[in-house]
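Index from 1, following the sequence.
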Amino acid sequence: MRNRNLRRDIQRLALSTSVLALAISSAYAQEAKPKSDEQPTLVVITGLRASLESALNKKRDDNGIVDVIKSEDMGKFPDTNLAESLQRIPGVVIDRDAGEGRSITVRGLGQDFTRVRINGIEGLATTGGTDSSGGANRSRGFDFNVFPSELFNSLTVRKSASADVDEGSLGATVDLQTMRPFDLRGFNATVMAKGRYNDLSQKTDPRVGFLISNTNADNTFGALLSGAFSKRRVYEEGFSTVRWDNGPSSGGWCAPIGITPANPTTSTATTCGPAAQGVARLANTPENIAAYNIASSANNFVPRLPRYGRLTHDQDRLGLTASLQYKPQRGTVFSLDLLYSKLDATRQEDFLEAISFSRSASQGGKPQTSVVKTEYAPNGALLYGMYNGVDIRAESRFDQLSTTFTQPTLSLDHQFSESLRMSAKLGRATSKFANPVQTTTTLDAINVNGYALDFRNNDRLPVITYPFDPASSSGPMTLASVPQVTSGTQAATVANTTTSEIRIRPQGANNRNDVAHLDFAWDAIEDKLTLRAGVDVKKYAFDSYESRRVNQNDTIFAPAAGTTIASLTTQLTGFGRGQNLPSGTPTSWLIPDLNAIAKAYDIYCNCLKSGPAGGPGDFTLSSITNGNARGNNRAVTENDKSAFVMGDFTNNIAGFPVRGNFGVRYVQTEQLATGYQANGGGTEVTVRNSYTDTLPSVNVALNLTRDFIARFAAAKVMARPQLGNLNPGGTISTTGTLSVTSGNPLLEPFRANTFDSNFEWYFGKNAFIGLGLFQKNINTYIQSIRTNVAFKDTGLPMSLLPTNFTGEEVFQVTAPINTKGGKLSGFELNYQQPFTFLPSWGKNFGTLLNYTYVKSKIEYVVSPTSAVTITDDLLNLSPKSWNATLYYDDGAFSARVSASKRSSFLTRVPGQNNNDVEGKNGTVNVDMSMTYKLNDKWEFSFEGSNLTNQANDQFISRARDSVVVNNVTGREFLLGVRYKF
């Protein structure tokens with residue numbers, strides 16, 4: 001039961017409406033009416049059942065097709081992460097970063113197609129992530145992990161469009177609502193504290209929160225303040241490859257003696273590459289020739305950077321809300337809502353990897369590597385390989401990351417008369433993401449013989465054999481530096497070699513939405529037709545920045561004389577705890593000590609320390625003049641003006657109650673995109689573009705019986721292009737994967753026609769079964785075209801390349817274009833029921849089940865010079881997903897176990913490096929929670945998440961299903977207490 005003051009207030013409200021209460025009681029109650037001298041009894045439902053009932057009522061009453069999650073009180077969401085709560089809704093699946101929900105996909109449409117409003121104002125929260133999870137968010141997708149879930153009391157997913165809801169979504173509009181003082185009435189105060197334990201990192205972290213709210217006696221003024229803080233320290237461990245490529249890639253393998261090498265200009269009769277390299281070719285034996293020929297087949301693939309690694313995540317998340325509400329007269333309410341969230345994090349990524357398979361001859365890569373033994377599966381996947389001349393690297397990257405989100409929102413709801421009302425909102429949502437430290441250091445062992453890679457027993461966790469102790473500071477792992485000359489021209493690199501690197505890449509992104517909304521509603525026909533009209537004005541500003549070393553090779557000189565490797569290194573230990581890694585997998589290895597290296601080299605001085613400018617001793621940073629950083633220095637400004645008219649209607653057709661809305665929205669978009677082209681070392685280019693859209697929509701809900709509702713909806717919708725695709729400039733990467741990327745600021749938006757129907761049967765109290773059918777005809781789509789081209793054939797000047805490049809190097813050239821898209825269709829099944837039909841304590845059980853099936857046929861262009869297309873799934877679309885929850889709630893004790901399934905989905909079509917597709921394999925996440933309410937004040941809880949330690953399993957190639965990432969983050973358990981004053 002709620003506290004006594006709240007119960008008294010509710011009872012007073014009930015008494016003031018006793019006539020209505022008695023009427024309802026006489027119509028539906030089975031027991032006799034109370035006597036005239038008795039007071040009607042009010043039963044207040046709390047806990048999980050209360051939030052389910054409230055959410056279901058909201059769904060039932062809405063004119064559109066919506067799903068809702070409600071929180072009964074502060075800190076009572078079903079999950080500790082907003083995205084993980086949203087995945088309980090049919091048609092919603094999530095993607096994770098560091099084991100935590102980050103983004104959502106609704107009915108097969110990813111985060112770029114989903115708009116998020118907070119307290120009615122569109123916001124965009126972005127943060128950084130691992131490269132395998134998309135890296136820093138510089139697009140329109142919303143990162144839900146920025147916010148503590150304790151700040152919100154309602155999540156609404158609007159799956160059908162209506163004219164009064166802002167444009168910009170093909171998938172859904174998600175409304176997040178923080179709590180307000182008028183939601184609670186009277187004085188309320190709650191504090192909570194939890195301890196979180198992760199069984200992989202073996203760390204215990206705090207999670208705390210509070211809420212205090214009060215309204216005056218006549219409920220005309222109220223104030224609320226809430227806050228939440230959590231710390232999360234986790235390990236992410238496993239195997240990864242950063243894609244696979246075929247035999248001839250990167251210049252092919254080193255041929256045995258007597259076989260014509262694939263790179264004849266870089267080999268001698270007896271050595272792979274120049275004689276000075278000293279990498280001997282294998283003898284001319286049948287075994288060596290057979291291994292070389294098999295590995296050189298274009299149908300056989302090898303991992304580009306096979307590696308085991310640990311990512312150490314340390315996050316601090318703080319959120320605060322404040323709300324003031326004032327009701328000066330009946331029908332008028334002012335609301336001021338303030339939201340602040342700060343996510344501070346560090347991430348360290350430590351890998352032990354082989355880098356030769358992804359490097360060209362000029363980088364001392366694959367053409368210097370000999371195939372000693374090898375086996376391949378019939379589908380072309382590597383099963384086993386032993387190699388000579390392999391470059392082994394210990395790579396360590398450290399990031400400092402922070403996101404600061406602020407949003408003030410001022411709302412006014414005013415009733416001029418019984419039939420005329422006005423609603424106005426004014427707000428600004430600002431998200432500032434900063435990554436001031438992103439530094440990578442490496443240790444290298446050049447041209448190691450006897451390296452072996454064995455997938456025969458496990459295609460996700462191979463046995464990797466190193467012919468030396470990778471944990472020893474006295475072994476071949478060292479700082480492979482560029483020799484410093486005392487006279488003549490100082491080289492920036494070592495020919496035909498990839499030396500050790502220090503990469504420094506500070507970066508960030510800012511988003512700001514200034515929004516003004518005004519609408520009027522007029523009851524043209526009382527209880528039958530309400531006409532509405534309104535305008536929205538939004539100014540959206542985005543900018544992104546990045547700097548990198550002027551020395552675009554990121555090379556270094558040797559450390560000062562007398563400095564030992566041991567003094568610049570440390571060890572990673574305890575890798576693979578509880579993961580059943582193959583026998584022989586290193587659990588410790590030598591890694592760079594960033595702090596020691598930073599001090600020894602003074603890497604953050606932003607200056608020239610030694611040698612010539614642009615050389616290994618130059619730690620000066622540059623941005624728009626830097627070919628590797630230029631592409632992330634860009635900005636987009638949008639001015640969007642829209643107006644709508646619509647009608648909300650209620651009527652009867654042939655005796656059946658029908659309600660809904662119809663209307664049209666007109667929107668004008670003016671875009672200003674700024675980027676930097678390569679000419680002149682970074683020439684600023686600004687391109688204007690504008691377009692208009694007329695977006696009609698209709699929603700109809702027909703009550704075939706009192707409890708059976710048939711809904712129909714249709715609309716034209718649009719979503720603006722991804723921000724990165726609007727860049728009028730471009731970027732060139734000459735380290736790692738060689739690539740050229742450019743944008744297209746004249747892109748048309750995504751446009752689609754959508755059709756929805758829902759059939760809902762509310763067959764009992766808090767019981768529901770529904771079927772939803774949907775189709776989206778995507779008429780305009782945006783796709784990136786990728787081709788492999790020798791740099792000399794791109795038309796770009798050779799001056800953009802490092803001096804050791806010849807122009808023969810093959811770059812991946814990427815640019816976006818509009819394509820015609822295709823159809824997406826599917827259905828949702830949704831079932832919710834408390835087991836009140838069971839005897840005794842069995843009636844306290846209940847279940848929530850849903851299943852979604854989506855299919856799509858999108859035509860992807862393969863090449864800008866070819867009419868050939870690939871018809872495949874929409875990116876981020878899982879064809880099948882389901883959620884299942886079994887709960888128990890008797891008012892004092894409640895428990896829940898939930899499972900969420902997402903089938904595999906694609907992340908890139910066509911795939912990179914001669915592959916057809918890239919994607920993620922399916923997942924099943926299992927979570928549980930239990931709470932016990934000791935009395936009206938004290939409540940205790942125990943929660944478990946990711947109970948099966950589900951792996952993040954990414955793949956490349958449909959036929960091979962070759963592993964790209966296979967990482968786990970461990971199980972988490974939370975023990976907590978809440979106290980309500």
Side-chain angles (χ1 to χ4, degrees), residues 109-117 121-126 137-142 165-171 173 428-433 509-517 535-545 624 630-644 665-677 683-695 716-731 741-752 778-785 814-819 821:
L109 292 160
Q111 60 175 350
D112 284 320
F113 304 108
T114 300
R115 292 179 54 260
V116 177
R117 302 190 300 186
I121 294 295
E122 182 177 359
L124 180 56
T126 64
N137 183 355
R138 291 187 173 90
S139 196
R140 298 184 190 271
F142 190 94
V165 176
D166 308 29
E167 75 292 333
S169 166
L170 263 61
T173 296
R428 166 177 289 181
T430 303
S431 176
K432 295 183 178 181
F433 164 68
N510 300 307
N511 294 273
R512 193 179 80 187
N513 270 300
D514 291 319
V515 179
H517 168 86
V535 295
D536 291 276
V537 178
K538 182 181 73 174
K539 181 176 182 180
Y540 170 62
F542 160 82
D543 69 88
S544 169
Y545 57 90
I624 61 175
R630 184 180 298 120
N632 280 331
N633 288 275
R634 48 190 168 87
V636 174
T637 301
E638 290 176 348
N639 287 285
D640 307 325
K641 300 175 182 178
S642 57
F644 72 90
R665 187 177 190 87
Y666 177 81
V667 57
Q668 180 186 62
T669 302
E670 296 181 352
Q671 287 178 341
L672 193 69
T674 300
Y676 298 90
Q677 294 184 341
T683 301
E684 181 178 304
V685 178
T686 298
V687 178
R688 295 180 182 273
N689 190 26
S690 63
Y691 44 86
T692 60
D693 288 272
T694 300
L695 307 172
K716 285 187 175 181
V717 294
M718 60 85 79
R720 297 178 178 90
Q722 297 98 330
L723 298 174
N725 288 339
L726 295 175
N727 183 11
T731 186
T741 304
S742 63
N744 180 358
L746 298 178
L747 287 169
E748 289 290 307
F750 298 90
R751 293 188 173 103
I778 302 174
N779 304 316
T780 307
Y781 192 67
I782 297 172
Q783 177 203 334
S784 290
I785 299 293
T814 305
I817 61 170
N818 282 115
T819 61

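- Note that CZ of Phe542 is 11.0 Å distant from CD of Glu638, once rounded to the nearest 0.5 Å.
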Item to complete: Report the C-alpha separation of Asn513 and Ile121 in whole Å, then their side-chain angles, then the decisive distance to 0.1 Å, and conclude whether the side-chain contact (heavy atoms from CB on, under 4.5 Å) test is met.
Response: CA-CA 9 Å; Asn513 270 300; Ile121 294 295; 5.6 Å; no
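- Among Gln668, Glu670, Gln671, the one residue that satisfies the side chain to side chain donor-acceptor pair (under 3.5 Å) test with Tyr691 is Gln671.
- Atom CZ of Phe142 is separated from atom CD of Gln111 by 11.0 Å, given to the nearest 0.5 angstrom.
- Taking the centre of each ring, Phe644 and Tyr666 stay at or above the 6.0 Å mark.
- Ser690 is linked by a side chain to side chain donor-acceptor pair (under 3.5 Å) to nothing, counting only residues two or more places apart in sequence or in another chain.
- Between Glu122 and the options Arg140, Arg115, Lys539, a salt bridge (charged side-chain N to carboxylate O under 4.0 Å, His left out) holds for only Arg115.
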Practice prompt. Run the numbers on Arg720 and Glu167 for salt bridge (Lys or Arg N to Asp or Glu O under 4.0 Å), then give the verdict.
Written response: CA-CA 9 Å; Arg720 297 178 178 90; Glu167 75 292 333; 2.9 Å; yes
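- Between Tyr781 and Phe113, the ring planes are parallel. Angles under 30° get that label, and only those over 60° would be called perpendicular.
- How far CG of Asp166 is from NE2 of His517: 8.0 Å, rounded to the nearest 0.5 Å.
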Practice prompt. Report the C-alpha distance between Ser784 and Asn725 in whole Å, list the side-chain angles of each, state the deciding distance to 0.1 Å, and finish with yes or no for side-chain contact (heavy atoms from CB on, under 4.5 Å).
Written response: CA-CA 8 Å; Ser784 290; Asn725 288 339; 4.0 Å; yes
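- A search for side chain to side chain donor-acceptor pair (under 3.5 Å) contacts involving Arg428 returns Asp514, not counting sequence neighbours.
- Summarising the geometry, atom CD1 belonging to Ile782 is positioned 9.5 Å from atom CG belonging to Asp112; distances are rounded to the nearest 0.5 Å.
- Checked by atom type and distance alone, the side chain of Thr780 never pairs as donor or acceptor with a backbone atom of Arg751 at under 3.5 Å.
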Item to complete: For side-chain contact (heavy atoms from CB on, under 4.5 Å), just list the numbers for Tyr540 and Val515, CA-CA rounded to whole Å, side-chain angles, deciding distance to a tenth of an Å, and then say yes or no.
Response: CA-CA 9 Å; Tyr540 170 62; Val515 179; over 6 Å; no
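- A distance of 6.5 Å separates OG of Ser431 from CG of Leu124, quoted to the nearest 0.5 Å.
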Worksheet item: Under the side-chain contact (heavy atoms from CB on, under 4.5 Å) criterion, do Thr173 and Arg117 qualify, and how do the steps go?
Response: CA-CA 7 Å; Thr173 296; Arg117 302 190 300 186; 4.0 Å; yes
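- Between the side chain of Gln677 and the main chain of Pro728, a donor-acceptor pair closer than 3.5 Å is present.
- Scanning for salt bridge (charged side-chain N to carboxylate O under 4.0 Å, His left out) contacts around Lys716 gives an empty result, with sequence neighbours left out.
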